[in-house]
Amino acid sequence: MNRRNLFGAALALIAAIGLVGCKDDKAASEQAAAKPAETFHWKMVTSWPKNFPGLGTAAERLAERINAMSAGRLTVKVYAAGELVPALEVFDAVSRGTAEMGHGTPYYWKGKVPAAQFFSSVPFGLSTLEMNAWLSHGGGQALWDETYAPYGVKPLSAGNTTMQMGGWFNKEINSLDDIKGLKIRMPGLGGEVWSKLGAITVNLPGGEIFTSLQTGAIDATDWVGPYNDLAFGLHKAAKYYYFPGWQEPQAVVESMVNQKAFDALPADLQAIVVEAARAATLDMMNDYVFNNAKALQSLKSEGVQFKRLPDEVLQAMREQSNLVLESLAAENDLNGRIWASQKAFLEEASAMQALTEKELYNWR
């Protein structure tokens, strides 16, 4: 074979190999396209009654958002309080893997995770916007992750009720003496403050509040604000509606995810879960600002008696709040670091708000 023929044969061989390679790539591509994408089916347990306005519906919307954004590759079925697990056992269910997701609020788990209370609401503490900023930019999320990590749970902010009301009472609060012996449903750090001032506090899930208040099992309760309180009919079970909501200047609603279940997702589905929760936070904030305004007018038309807590009481509550928070912070290193971080940002944010939102609210 002469040199020219040899060169031609080599070119033909290279072309043949290239064609085989193209065919192999095409076949692999077609095979991958034919293979159905892996799907995941999750359960979400919640602390709320089924389809309860604002809270229960937020869980449903979060699930729907994940289902839509993932094009069905990750489907989430929602179970209301009591359908799969009781309202106050949601954290345990997610930790054990009984459910891949949960929807509640951190201070419900204070018996198991005392530090969780810092991530719900702190008396006389951060506002809604400030809390979101601290979590996303001030190191709060990293501390929250550290708090839940030993339980195999990944926390995500998935809503906020904005500032709440002081609560519903069947006894007037005119002085500190009126607090002694008062039976009040109030979870979290606010409940501890009431206890320090002589009240008897209990922790009840939302579904038990109306009956307990109506029958006299409790004298008073907080819940959320006009939007949710009207839906529960609390104005039919109590005489007085007190403000301000010193105990919860805002309240984070969380989406808990079982860490192993989250880690098993491909990266794009993990991102969808995180971004869906982020969108849910804004959605709930808007929901509450809009509907609280409307519900307030409805309660006024029902003849509800609105009362402001006396300055003497608020001053005492502020003093006790500081003591309760410092005591909780002193329990261990993690608690101390969380409170130091949040308190430092509170001081910075307060200076800005004094020049802006506070002045606007005072004058508009």
Side-chain angles (χ1 to χ4, degrees), residues 44 46-70 76 78 80 101-108 119-122 125-138 140-141 144 155-166 206 222-232 234 241 243-245 247-257 271-301 345 349 352-353 356-361 364:
M44 181 199 294
T46 83
S47 297
W48 325 118
K50 191 173 183 64
N51 293 322
F52 186 68
L55 296 168
T57 54
E60 294 284 353
R61 289 199 297 269
L62 173 58
E64 290 168 1
R65 188 174 286 114
I66 292 172
N67 296 346
M69 291 171 69
S70 70
V76 180
V78 178
M101 289 188 74
H103 200 269
T105 189
Y107 60 39
Y108 280 178
F119 302 100
S120 253
S121 192
V122 167
L126 297 172
S127 69
T128 304
L129 294 178
E130 292 165 348
M131 185 66 170
N132 289 343
W134 176 68
L135 286 173
S136 62
H137 294 292
Q141 184 64 53
W144 200 6
L156 297 168
S157 174
N160 198 299
T161 65
T162 68
M163 187 166 185
Q164 302 193 2
M165 290 287 282
D222 80 325
W223 181 223
V224 184
Y227 180 26
N228 286 148
D229 297 2
L230 179 65
F232 261 5
L234 296 181
Y241 201 15
F243 64 94
Q247 78 286 2
E248 294 188 49
Q250 54 78 40
V252 170
V253 174
E254 66 183 346
S255 173
M256 296 157 284
V257 184
I272 284 173
V273 171
V274 172
E275 292 306 316
R278 194 195 309 273
T281 296
L282 179 59
D283 183 43
M284 184 183 284
M285 289 165 54
N286 295 342
D287 191 18
Y288 273 81
V289 170
F290 183 81
N291 285 296
N292 272 334
K294 290 184 172 297
L296 178 65
Q297 299 307 313
S298 296
L299 290 173
K300 287 182 176 180
S301 69
F345 182 65
M352 181 63 186
Q353 303 297 15
T356 55
E357 293 197 30
K358 184 177 179 181
E359 287 297 314
L360 171 65
Y361 294 152
R364 76 181 189 182

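Along the sequence shown, the residues carry numbers beginning at 1.
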Heavy-atom donor-acceptor pair, [X] side chain to [Y] backbone, under 3.5 Å:
| X | Y | result |
| --- | --- | --- |
| Gln141 | Pro155 | yes |
| Asn228 | Pro53 | yes |
| Thr105 | Val252 | yes |

Partners meeting side chain to side chain contact (heavy atoms under 4.5 Å, CB included) with [X] (sequence neighbours left out):
| X | answer |
| --- | --- |
| Gln247 | Met186, Asp222 |
| Ala63 | Met44, Val76, Val78 |
| Ser47 | Ala87, Val90, Tyr108, Trp109 |
| Met69 | Arg65, Ile272, Glu275, Ala276 |

Give me the atom names and distance for the closest heavy-atom approach of [X] to [Y].
| X | Y | value |
| --- | --- | --- |
| Glu130 | Ala349 | OE2-CB, 3.5 Å |
| Asn51 | Thr57 | O-CG2, 3.6 Å |
| Asn160 | Met284 | N-SD, 3.2 Å |
| Ser301 | Ser298 | OG-O, 2.6 Å |
| Trp144 | Pro106 | CZ2-CG, 3.9 Å |
| Ala251 | Gln164 | CB-NE2, 3.3 Å |

Phe232: what forms a ring-ring contact (aromatic ring centres under 6.0 Å, His included) with it, not counting sequence neighbours? Phe52, Trp223
Qualifying residues under ring-ring contact (aromatic ring centres under 6.0 Å, His included), relative to Tyr227, sequence neighbours excluded: Tyr288
Glu254 vs Phe119, test: side-chain contact (heavy atoms from CB on, under 4.5 Å). Steps then yes/no. CA-CA 9 Å; Glu254 66 183 346; Phe119 302 100; over 6 Å; no
Please report the interatomic distance [atom1]([X]) to [atom2]([Y]), rounded to the nearest 0.5 Å.
| X | Y | atom1 | atom2 | answer |
| --- | --- | --- | --- | --- |
| Leu230 | Lys294 | CG | NZ | 13.0 Å |
| Leu62 | Thr46 | CG | OG1 | 11.5 Å |
| Met285 | Leu129 | CE | CG | 5.0 Å |
| Asp287 | Leu282 | CG | CG | 11.0 Å |
| Ile66 | Met101 | CD1 | CE | 4.0 Å |

Please list, chain by chain and in numerical order, all residues satisfying salt bridge (Lys or Arg N to Asp or Glu O under 4.0 Å) with Asp229, sequence neighbours excluded. none
Listed partners of [X] passing side-chain hydrogen bond (donor to acceptor under 3.5 Å, both in side chains), at least two apart:
| X | value |
| --- | --- |
| Ser157 | Thr281 |
| Asn292 | none |
| Ser121 | none |
| Thr356 | Gln353 |

Report yes if the side chains of Leu299 and Met165 come closer than 4.5 Å at any heavy-atom pair, otherwise no. no
Quick one, Val122 with Met131, criterion side-chain contact (heavy atoms from CB on, under 4.5 Å). Give me CA distance, side-chain angles, the key distance, then yes/no. CA-CA 10 Å; Val122 167; Met131 185 66 170; over 6 Å; no
Stepwise side-chain contact (heavy atoms from CB on, under 4.5 Å) test for Leu55 and Thr161: CA-CA 8 Å; Leu55 296 168; Thr161 65; 4.1 Å; yes
